[in-house]
Amino acid sequence: FSSLKGSRCILLQCSHVFCRECLQEFWSLCIKEGSVERVVCPEPSCVKKSREASEEELRRVVSDEEVRRWKWLRVKNAMEKGELWK
């Protein structure tokens, strides 16, 4: 991941800046593989805190279809863990 500035980059809510194309490739792969817990800001300090990407951030980086899959996988994972019933 490259920390660059300019129109090819995206500023996340945590104030970290990444190449949009690199972030899109990474998040798309995570979503495709079903690893939604890895759809986070890739900055090491955010990874340690497990700061999940917001839906707004995802919409600015990945396709609508990938956002729908990400949302579905999050609900599915929460149901499997019994978190929706707490």
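- With respect to L23, the side chain to side chain contact (heavy atoms under 4.5 Å, CB included) criterion is satisfied by exactly one of V62, I10, V39, L58: I10.
- Side-chain N or O atoms of R69 include one that pairs as donor or acceptor with a backbone N or O of I31 at under 3.5 Å.
- Residues V47 make up the rest of the hydrophobic cluster containing V40, defined by ILVMFWY side-chain heavy atoms closer than 4.5 Å, directly or through other members.
- Residue pairs satisfying the side-chain hydrogen bond (donor to acceptor under 3.5 Å, both in side chains) criterion with at least one member in residues 33-47, sequence neighbours excluded, are absent.
- At a threshold of 4.5 Å between non-hydrogen side-chain atoms, the residues F18 and P42 count as touching.
- For K71, the side chain to side chain donor-acceptor pair (under 3.5 Å) partners at least two apart in sequence or on another chain are E55.
- The CG atom of L12 lies 8.0 Å from the SG atom of C46; values are rounded to the nearest 0.5 Å.
- Within the structure, side-chain hydrogen bond (donor to acceptor under 3.5 Å, both in side chains) pairs that include any residue of residues 18-27 comprise Q24-S28 (at least two apart or interchain).
- Remark: R60 engages no residue in a side chain to side chain donor-acceptor pair (under 3.5 Å) (not counting sequence neighbours).
- Here R74 pairs with E52 under the side chain to side chain donor-acceptor pair (under 3.5 Å) rule; sequence neighbours left out.
- Side-chain atoms of Q13 do not come within 3.5 Å of backbone N or O of E57 as any donor-acceptor pair.
- Judged as a salt bridge (Lys or Arg N to Asp or Glu O under 4.0 Å), and not counting sequence neighbours, R68 has no contacts.
- When all heavy atoms of W70 and S54 are compared, the pair lying nearest together is CH2-C, 4.4 Å.
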